[in-house]
Amino acid sequence: MSEKIQVPDVGSSDPVDVIEISVKVGDTIAAEDTIVVLESDKATVEVPAPKAGKVTAINVKVGDRVKEGDDLLEVEADSGADDNAPSQEEATTDTPTEQETAPQPEAEQAPAKSASRTESRTETVTVPDLGDIDGAEIIEVSVAAGDVLEAEQVIAVLESDKASLEIPVPQAGTVESVIIKVGDKVSTGDPLLTLAVSGGDVAPEAKENTATSSASVSQTSASDKQEQNKQEQAKPAQTSTAIPAAANSPGKAVHAGPAVRKLAREMGVDLGQVTGTGPKDRILKEDVHAWVKQRLESQSAPATGSGGMSLDLPDIDFSQFGDVEREELNKLRKVSAQNLHRSWLTIPHVTQHDNADITDLEAFRKQQNKALEREGVKLTMLAFLVAACAKALKEFPRFNSSLENSGEALIHKHYINIGIAVDTPNGLVVPVIKEADKKTLKEIALEMGELAEKARNRKLTPADMKGGTFSISSLGGIGGTAFTPIVNWPEVAILGVSRSDMQPVWDGNQFVPRLTLPLSLSYDHRVIDGADAARFTTYLSQLLSDMRRVLL
Ligand code: CAO
């Protein structure tokens, strides 16, 4: 019989995001295997399976927001399951909860050295209450002796089996000495560093509490302090929203879960230099792999231009030649520049051009649109292209695959999700029409309209843009005769569509005017041979010339 696994106490009363589902239906899992990764504003938590078994249903998807007690998935218990496996509650007890990770009330966390009434005093900052986590490993030390810190700045990141935990400094000051190093194991109350705290006269109560209080505590009344202590207790140890970078990128915030941090450590990657493509810019394992790959390849690649990747190009002062203005790029443009550059550097691109005769299709489209006007549906040329591409991808499954980073294997996807490049004032986004092969033209047209609208209103969710297997970039509404789109890694092909035009076509006896749609298919030449690309565009062109073939 299937048992439901629910969201454990993750230390947040607010809903948290599902950012990874680590299993799929049919998987056989062992007790303690990570099944889902959740993320709140404060922490990333891997939820372990309470017992071994077979996954029979998954009740959440990436992007969902869940709270304690919500159903995550269903597992049919293994007949040989270990009855001694910890219960779900037990299994998650070393996941920090609000209570467990909350810093001690100020008075309880006494500094090792007390303050004096001089201008500066030395405080020892200690590990706050970690609940029953014992011997958490220091995975990042984010500060060094001499650093001037602001209150709440993260000084170190700890990692237990289940979660990464930021340790903020309780008050502003200058680091005198760092006591810990990466790899050390620490528990509640262990010293982390000594801090020179300036501030003139210190009220007696504040003197006792400086290790976890803010600089303003000396002005706080006793009753205020009680209230403040209660609030402090309810806060987890990590009060900033992002985890700091590895030691060699001090000060830069990065956002990654324990498994990714472990991978980065093993590969010697400074996470501060990796761009996250997950929800809330979270760094995924694929990002670490891609970064390493890009670094290896860029060592031999010539500097080809900027766009977010670190290439040794000189900075040029253009103002020496005339008036200039600097425009800071928004996040979307920076991320898409990096993604495009990564694809450009890693994928050997070739573009196959072809034409499709869409005279009959356009006539049919116009006729149908008249009939559908009352229903508020507009069948766009792009909707037909999505349907035709879905059919072509079924016929040529290699175009719907991804190349393993090792270069050893292709991953064939048994689903067809087509991304559509949408131009917005903020930059380019690619929402995805999921299972395009199973949808009618009307459904595709409606969904595309909704997604394009969401894109322009900045309402797309990460889930709307994930899971694409092939992309289409249509510039047909704007103009042009051909272009060379960049493959949207990890996909292996993208179809560029330009503006259709009446062209004279020789029918064997004479030239006849035919509406001709230019197609430009860019593909990853490591995966797709030129001959197959020509077959693909020829097939696509035949489908568009006679859409009845899509039904075959
Ligand atoms: N040839 C001629 N005309 C075309 C056409 C084509 N291939 N495709 C569309 N049109 C015409 C349509 O007929 C329509 O005209 P009417 O309003 O008179 O009917 C007009 O262009 C707008 O078309 P549409 O509403 O069907 O929109 P679309 O499907 O062309 O485009 C979208 C939707 C979201 C793809 C588009 O708005 C967009 O953002 N395009 C830019 C994508 C981009 O920037 N790609 C570059 C990525 S870098 O590789």
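For ligands, and for the atoms within them, numbers begin at 1 and follow the listed sequence.
- Atom 21 (O) of ligand 1 is flagged as protein-proximal [any protein heavy atom, distance under 4.0 Å].
- Side-chain contact check for Glu404 and Ser406: at least one donor-acceptor pair (N or O, by modelled atom type) lies under 3.5 Å.
- Distance from atom 39 (O) of ligand 1 to its nearest protein heavy atom, with residue and atom name: Asp423 N, 2.8 Å.
- A donor atom on one side chain and an acceptor atom on the other are found under 3.5 Å apart for Thr34 and Glu46.
- Met502 CE to Thr359 OG1: the interatomic distance, rounded to the nearest 0.5 Å, is 5.5 Å.
- Looking only at protein heavy atoms, the nearest one to atom 16 (P) of ligand 1 is Lys378 NZ, 4.2 Å.
- For atom 10 (N) of ligand 1, the protein comes within 4.0 Å by at least one heavy atom.
- Contacts of Ile494 with ligand 1, taken as heavy-atom pairs under 4.0 Å, are absent altogether.
- Relative orientation of the Phe470 and Phe536 rings is tilted, given thresholds of 30° and 60° on the angle between their planes.
- Closest heavy-atom approach to atom 35 (C) of ligand 1 among the candidates Leu382, Val422, Asn369: Leu382.
- Nearest to atom 7 (N) of ligand 1 among the protein's heavy atoms is Ser498 O, 3.1 Å.
- What sits closest to atom 47 (C) of ligand 1 on the protein, heavy atoms only, is Ser473 OG, 3.1 Å.
- Counting protein heavy atoms only, atom 13 (O) of ligand 1 is closest to Arg365 NH2, 3.6 Å.
- Distance check on atom 5 (C) of ligand 1: some protein heavy atom falls below the 4.0 Å cut-off.
- In terms of protein heavy atoms, atom 2 (C) of ligand 1 is closest to Ser500 OG, 3.2 Å.
- The single protein non-hydrogen atom nearest to atom 40 (N) of ligand 1 is Ser474 O, 3.1 Å, given as residue, atom name and distance.
- With salt bridges taken as basic N to acidic carboxylate O contacts below 4.0 Å, one links Arg365 and Glu362.
- Of the options Gly427, Pro485, Gly477, the smallest heavy-atom separation from atom 8 (N) of ligand 1 is shown by Gly477.
- Between the CG atom of Leu544 and the CZ atom of Phe384 there is a distance of 10.0 Å, given to the nearest 0.5 Å.
- Heavy atoms of Arg456 found under 4.0 angstrom from ligand 1 belong exclusively to the side chain.
- Nearest to atom 43 (C) of ligand 1 by heavy atom, out of Leu475, Leu379, Leu519, is Leu475.
- Between the side chains of Asp464 and Thr461, at least one donor N or O lies within less than 3.5 Å of an accepting N or O.
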